[in-house]
Amino acid sequence: MNLNCISRKNLPDILCRMPKAELHIHIEGSLEPELIFELAARNRIHLPYPSIRELRTAYTFTDLQSFLDLYYSGAGVLQKEEDFFDMTWAYLKRAKAENVLHAEIFFDPQTHTARGIPFETVISGLDRAIRRGREDLGLSASLILCFLRHLSEEDAFAVLEDALPFRDKFIGVGLDSSERGNPPGKFAGVFARCRELGLRLVAHAGEEGSAEDIRQALDLLKAERIDHGVHCLEDPQLVERLAQQRIPLTVCPLSNVKLCVFPNLAAHNIGALLAAGITATINSDDPAYFGGYVNQNYTATFAALPELGAQEAYQLARNSFQASFMDERMKDGWIRKLDEFFAHFCLKA
Ligand code: HPA
Ligand code: ZN
């Protein structure tokens, strides 16, 4: 589609209004300080912060680990099925308002089972919200169970065992938490088992880690999609492979700046990833912690990078559907809607 008709000044509006999918969102990272305080009161949990404002001001990070420490502690207020429901429902309403038509949502069961919360409590709350989202908001969403890579592969096998009675409630598995010292290869066995079970496979790699971590995720885990992956540009052969094999990257620009992967958005490489022919997408990662939901990620990134215009906006939204695990018919339907949206803007111009 030729989108030269669209002027740059219309971009923020277009980015917010265009149909899109979100493929990299940790549901525990959507827990806003307001909800943390509400759930703490409901569950009679003492928080080490006197106010919502003071909790929010603690959100200054130097690297991934400094964020994870706060993120795991925030998740401690989630106790009952209804807490997991409320958190997910709040995200889905927000996603709907930002014209997200489809979301693939990560959850970290080990953060909860380690605190004695049954797996069933976690997944039942998440699943109930997703079903309501489908019915009341017309938003399709599915769950991806993430293994915490700072724990052992044996622990990952144990949570997989807990999860199997609920196999119909999640579509795949991922790998998150501290990348340094925990390469993808550590989880080759459990990913092979998940593959046999027909689960979809993704992995965080090349966020703080190197291009080698991305290679391991592809070769040893058989990951179908890479979360972050921004360090691939260190390795031109890997870039060619990602482009040729159409292996998508779920990129999270505001997260990358907050966790000091890039010094600022103007230094971000999303434009270079697209120019290299990679199926890159834009996502929010942990929106409550990183200062913005998906639309803020789009608008702030486009404002900082002059090489991004209407063509890239269209490409990123198209990639988000293409890179999803929806069936081909659903993808085609949403992409048709996207095409109509952009055609309408061109007609008006
Ligand atoms: N990286 C690794 N683990 C995570 C992240 C992330 O960006 N967000 C939540 N868990
Ligand atoms: Zn992430």
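Indexing begins at 1, ligand by ligand and atom by atom, following the structure's order. From a predicted model like this one, the values you see are computed outputs, not experimental measurements.
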ILVMFWY network linking Leu218 to Val202, side-chain heavy atoms under 4.5 angstrom:
no
Taking just the N, O or S atoms of His26, which one is nearest to the Zn ion (ligand 2)?
NE2
Treating Asp327 as the side-chain partner and Arg329 as the backbone partner, does any N or O pair qualify as donor plus acceptor under 3.5 Å?
yes
Report yes or no: does Glu224 contribute a side-chain atom to a donor-acceptor pair with the main-chain N or O of Leu201 at less than 3.5 Å?
yes
In this structure, which one of Asp285, Asn283, Asp176 forms a side chain to side chain donor-acceptor pair (under 3.5 Å) with His24?
Asp285
May I ask you to check whether His204 brings an N, O or S atom to under 2.8 Å from the Zn ion (ligand 2)?
yes
Hydrogens and angles aside, do Thr111 and Glu28 bring a side-chain donor and acceptor to less than 3.5 Å of each other?
no
The atom of Asp285 among N, O or S that is nearest the Zn ion (ligand 2) is OD1
List the closest protein heavy-atom neighbour of atom 1 (N) of ligand 1: residue, atom name, distance to the nearest 0.1 Å.
Glu207 OE1, 2.8 Å
Give the name of the N/O/S atom in His24 that lies closest to the Zn ion (ligand 2).
NE2
Validate the cation-pi geometry between Arg336 and Phe341: distance from NZ or CZ to the six-membered ring centre under 6.0 Å, angle to the ring axis within 45°.
no
the protein heavy atom lying closest to atom 7 (O) of ligand 1 turns out to be Asp285 OD2, 2.8 Å
Ligand 1 and His24, any nitrogen or oxygen pair closer than 3.5 angstrom?
no
When you look for heavy atoms under 4.0 Å from ligand 1, do you find them on the side chain of Leu68, its backbone, both, or neither?
side chain
Short list, please: which atoms of ligand 1 are under 4.0 Å from a heavy atom of Phe67?
8 (N), 9 (C)
Is the contact between Glu179 and ligand 1 made by the side chain, the backbone, both, or neither, using heavy atoms and a 4.0 Å cut-off?
neither
Starting from atom 10 (N) of ligand 1, find the nearest protein heavy-atom neighbour and note its residue, name and distance.
His26 CE1, 3.5 Å
For His204, the ligand 1 atoms with a heavy-atom partner under 4.0 Å come out as 1 (N), 2 (C), 6 (C)
From CA spacing to verdict: ring pair (Phe, Tyr, Trp, His ring centres under 6.0 Å), His112, Phe107
CA-CA 10 Å; His112 314 300; Phe107 69 115; 8.3 Å; no
Hey, does His228 sit under 4.0 Å from ligand 1 if you only count heavy atoms?
yes
Do Ser255 and ligand 1 have an N or O pair less than 3.5 Å apart?
no
Pairing donors with acceptors under 3.5 angstrom, does anything connect the side chains of Glu81 and Ser124?
no
Taking atom types as modelled, is there a side-chain donor on Asp108 or Tyr72 under 3.5 Å from an acceptor on the other?
no
Go through ligand 1 atom by atom and flag the ones less than 4.0 Å from a non-hydrogen atom of Asp286.
5 (C), 8 (N), 9 (C)
Among Ser177, Cys252, Ser178, closest by heavy atom to atom 2 (C) of ligand 1 is Ser177
Could you see which bit of Leu64 sits under 4.0 Å from ligand 1, with heavy atoms only: side chain, backbone, both or neither?
side chain
Determine whether a donor-acceptor pair (N or O, by modelled atom type, separation under 3.5 Å) exists between the side chain of Lys20 and the backbone of Val294.
no
Got a salt bridge between Arg241 and Asp219, using NZ or NE/NH1/NH2 to carboxylate O under 4.0 Å?
yes
